[in-house]
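Every heavy atom of this structure was used, including side-chain atoms; hydrogens, water molecules and symmetry mates were not.
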2 protein chains.
Amino acid sequence: MDQLSVTFAALADPTRRAILARLTEGPATVKELSEPFDISGPAISKHLRVLEKAGLITRGREAQWRPCRLDATPLEEVAVWAENYRRFWDANYARLDALLTEMKENDR
Amino acid sequence: MDQLSVTFAALADPTRRAILARLTEGPATVKELSEPFDISGPAISKHLRVLEKAGLITRGREAQWRPCRLDATPLEEVAVWAENYRRFWDANYARLDALLTEMKENDR
DNA sequence: CTCTTACCTAACCACTTGGTTATCTAACCT
DNA sequence: AGGTTAGATAACCAAGTGGTTAGGTAAGAG
């Protein structure tokens, strides 16, 4: 699978996006990351492995803790990819705008 | 599942992203969309249903054809989401830059 | 009316995913 | 040394995914 697919797949889970959001406030241990969710430790471990394979986090070692930190670089590719479609969602607004104008015309 | 998760999941497949890319050039029938890929018709049908449920395409009816057209509006949410992380990938560049500067310093 | 074309649905298969519990390692604390 | 804490791994399970083939429907063409 290509990098972009792996990234999108990693982002397709709300728990994983919440973990990323938490990591914007700074590094955190696995325990800290798992606190907001009522799922088991191993489940969190799996999510972290998915994020790590997608290159979205990196993990260090400090005694018995394995602190995670955000690495947002793959998200730039996501942003660039999405931005290429901007003219199409803009186009929809343009079309809607045209429709509304037409309706006003017909009203008169 | 929330809208964003469904959108990301839909985008996590290269075939589906290729279909979206093709649709930027204008509406297309299912047959036309399936041509570039050597997978069966039903497989394409499934991909289209995923895209439709994600709100990324709409489908009309014209005689025996069911023309698909792009609806990029869910991608705006994706772009906005990713943009919120811009400062973090920028931060990485900043850190890398600092590192390179430091290495140059040490070289002298 | 029959044939072909475009497309969908159903049933099936192998593989992946998101979760679990149970068990292990590694480091710190008495 | 023994106990606790942080975390990973293994084995398992239900549900979802991406593909297949077979068969169905609906519309245009001869």
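A:Asp13 has no carboxylate O lying under 4.0 Å from a charged side-chain N of A:Lys46, or vice versa, which leaves the two without a salt bridge.
Between the A:Arg22 side chain and the A:Arg17 main chain, no donor and acceptor come within less than 3.5 Å of each other. No side-chain donor-acceptor contact under 3.5 Å links A:Gln3 to the backbone of A:Gly55. Counting only distance, with no hydrogens or angles, the side chain of A:Glu76 and the backbone of A:Thr73 share no donor-acceptor pair below 3.5 Å.
Counting to the nearest Å, the C1' atom of D:dG28 and the CZ atom of B:Arg66 are 13 Å from each other. Rounded to whole Å, the distance from CE on A:Met1 to C1' on D:dG19 is 12 Å. Taking atom CD1 of residue A:Ile44 and atom C1' of nucleotide D:dT5, one finds them 17 Å apart after rounding to whole Å. Atom pair A:Leu51:CG and D:dA8:P shows a separation of 12 Å (rounding to whole Å applied). Summarising the geometry, the separation between CG on B:Asp13 and C1' on D:dG19 is reported as 11 Å, rounded to the nearest angstrom.
When each of A:Gly41 and B:Leu48 is assigned the nucleotide of DNA chain C with its nearest heavy atom, B:Leu48 is the one assigned upstream, toward the 5' end.
No side-chain donor-acceptor contact under 3.5 Å links A:Arg87 and B:Thr24.
Of the side-chain N and O atoms in B:Ser40, none sit less than 4.0 angstrom from OP1 or OP2 of D:dG19. Contact annotation: B:His47 does not reach the phosphate of D:dT17 (side-chain N/O to OP1 or OP2, under 4.0 Å). OP1 or OP2 of D:dA8 has at least one side-chain nitrogen or oxygen of A:Ser45 nearer than 4.0 Å. A sub-4.0 Å separation between OP1 or OP2 of D:dA27 and a side-chain N or O of B:Arg61 is absent.
Residues B:Tyr85 and A:Leu70 have side chains in contact (heavy-atom distance under 4.5 Å, counting atoms from C-beta outward).
The distance from the CD atom of B:Glu77 to the CZ atom of B:Phe8 is 8.5 Å, given to the nearest 0.5 Å.
For the pair A:Leu48 and A:Cys68, the tightest heavy-atom approach, listed with the atom from each and the gap, is CD1-SG, 4.0 Å.
Listed by first and then second residue, the side chain to side chain donor-acceptor pair (under 3.5 Å) pairs involving residues 55-67 of chain B are B:Glu52-B:Arg59 (not counting sequence neighbours).
Here the range on DNA chain C touched by chain B, meaning any atom under 4.0 Å from one of its heavy atoms, is C:dA6 to C:dT9.
DNA chain C lies under 4.0 Å from at least one heavy atom of each of the following residues of residues 16-38 of chain B: B:Thr29, B:Val30, B:Lys31.
Within 4.0 Å (heavy atoms only), A:Ala43 reaches at least one base atom of the nucleic acid.
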